[in-house]
Amino acid sequence: MARTPARALTAPLAAVVLLAAACAGNDSSAPAPAPVLAGGEIQLVDAPAASAGLTGDGRADDAAPAATTKPADTAAPVDPAAATEPPAPTAPAADAPAPVKWVQLSTNKASIGETVTDVTGFTLYRFAGDSAEPPTSKCTDECVKNWPPVLIQAGGRVFVDGMKTDDIGAIRRPDGGVQVTIGGWPAYRFAGDTVPGDLNGQGVDNAWFAFAPDGKAIESLIATAVVKAAPPDRTRALAARKSKDGPIVVDDDGATIYRFDKDDTDPPASNCTGACAALWQPVVASNGGRVKLDGIDADRVWWLSRKDGTKQVTLDGSPLYRNVADKSTNTIVASAAAQGWTPAR
């Protein structure tokens, strides 16, 4: 399952400085596009983070609290509509997430339509109580416990994968943090989403709705498309790796591979069906035979025959899967354990 190739920027953003950008087709060895400096707050790159050689999810162990970044009254807003003087910074909420070094915005084909996710595949939402003209966040204090804002360090890069860069910006929050915006609307995650691709925040309080790629709200509360099983993750190899969160197994894209606690191991059988199967791709050998192994004992690996005729790879008897929305590498989505998903090791 190939990742999206880098694309060069083709149009300048309003109120930003366009720097040189180049990319040669699908050549993965070509240099990543040069970023666009947006108002001194964020840099926009029209390509996935992987094109810049980045792994992980943008977290930084030394990330400073949002309130310690440049004060709002000295920061040029990213969106021209936000040029009015922002309020003085206040103390950040204790539950506000630490800003990351970089963010990736990607699209995901969900049951309610095409949504926007972060690099780990978690759905991003907008709040009806906010404003896009000028861009303003009204979700503060207790609100951020359930709706953590998408925060980035000042000067950090926002990688835009499958969306228009001129729809992306950032604002200064009341606490001084830099929050990513889509179509002028501040972006948030929902604490109740534990697996990449979840939509548990959709329609909450009739005020929170998933983003469409153009920044509009997807207001549908029911599936608008037939839920279909995700296509298999066809891989040539599996490798043992060490991530910052612990040991993992990755496919030949570098994506983390998971096992499902509700599956059977003796004999191996997959119990991931329905909505589960729409989010989790069974790992199968791309050539129909065995996969190449790196750092994994061959005695631990076998396969099971699925109803569609494919052979799903198993590790210690557990069928293996890849999450269809997660586009990160070298990461572990720890919250997925709440639904029975743990990384293969």
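Side chains are part of it too, since the values below use all heavy atoms of this structure and drop only hydrogens, waters and symmetry mates.
The residues Asp316 and Arg300 are annotated as salt-bridged, a charged nitrogen and a carboxylate oxygen being separated by less than 4.0 angstrom. Ion pair Asp166/Lys164 not flagged as a salt bridge, since none of the NZ, NE, NH1 or NH2 atoms sits closer than 4.0 Å to an Asp/Glu carboxylate oxygen.
Scanning all heavy atoms of the two residues, the minimum distance from Thr117 to Ala325 falls at OG1-O, 4.4 Å. Considering every non-hydrogen atom in both Tyr321 and Asp263, the closest pair reads OH-OD2, 2.6 Å. In this structure, Lys145 and Pro148 approach most closely via the heavy-atom pair O-CD, 4.5 Å. Nearest heavy atoms, Ile42 versus Val178: CG2-CG1, 4.1 Å. Closest non-hydrogen pair, Arg157 versus Ala52, comes out as NH1-CB, 4.0 Å. Closest of all the heavy-atom pairs between Ser335 and Phe122 is OG-CZ, 3.6 Å.
Gln312 places no side-chain N or O within 3.5 Å of a backbone atom of Pro319 that could act as its donor or acceptor partner. Put simply, the side chain of Thr120 never gets that close to the backbone of Ser328: no donor and acceptor are under 3.5 Å apart. For the pair Asp167 (side chain) and Gly183 (backbone), a donor-acceptor distance under 3.5 Å is absent. Side-chain N or O atoms of Asp326 include none that pairs as donor or acceptor with a backbone N or O of Pro196 at under 3.5 Å.
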**Item:** Candidate pair Thr140 and Arg173, rule side-chain contact (heavy atoms from CB on, under 4.5 Å), full reasoning
**Value:** CA-CA 9 Å; Thr140 59; Arg173 290 176 53 80; 3.9 Å; yes
**Request:** Evaluate the side-chain contact (heavy atoms from CB on, under 4.5 Å) criterion for residues Gln43 and Trp102: first the C-alpha distance (whole Å), next the side-chain angles of each, then the deciding distance (0.1 Å), finally the verdict.
**Result:** CA-CA 9 Å; Gln43 301 176 70; Trp102 56 267; over 6 Å; no
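A donor-acceptor pair shorter than 3.5 Å cannot be found between the side chains of Asp233 and Thr235.
Partners of Ser243 under the side chain to side chain contact (heavy atoms under 4.5 Å, CB included) rule, at least two apart in sequence or in another chain, are Asp245, Ile248, Asn330, Ile332.
By the 4.5 Å heavy-atom criterion applied to side chains, Gln179 and Ser137 are counted as neighbours.
For the side-chain contact (heavy atoms from CB on, under 4.5 Å) with Val158, the qualifying choice from Leu105, Val45, Thr165 is Leu105, the only one to do so. For the side-chain contact (heavy atoms from CB on, under 4.5 Å) with Pro186, the lone residue among Thr136, Asp130, Val180 that qualifies is Asp130.
Aromatic ring pairs are classed by plane angle as parallel below 30°, tilted from 30° to 60° and perpendicular above 60°; the pair Trp280 and Tyr258 is perpendicular.
A continuous path of Ile, Leu, Val, Met, Phe, Trp and Tyr side chains, each step under 4.5 Å between heavy atoms, connects Phe190 with Tyr188, placing both in one hydrophobic cluster.
Among pairs with a residue in residues 165-185, none fulfils ring-ring contact (aromatic ring centres under 6.0 Å, His included), at least two apart in sequence or across chains.
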Under 3.5 Å, side-chain donor or acceptor atoms of residues 202-212 against the rest of the protein: list the pairs with distances, not counting sequence neighbours.
{"from": "Gln202", "atom 1": "OE1", "to": "Ala210", "atom 2": "N", "distance (Å)": "2.7"}
{"from": "Gln202", "atom 1": "NE2", "to": "Ile218", "atom 2": "O", "distance (Å)": "2.5"}
{"from": "Gln202", "atom 1": "NE2", "to": "Ser220", "atom 2": "O", "distance (Å)": "2.9"}

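No more than 12 heavy atoms of other residues, nucleotides or ligands shown are found within 6.0 angstrom of CZ on Arg236.
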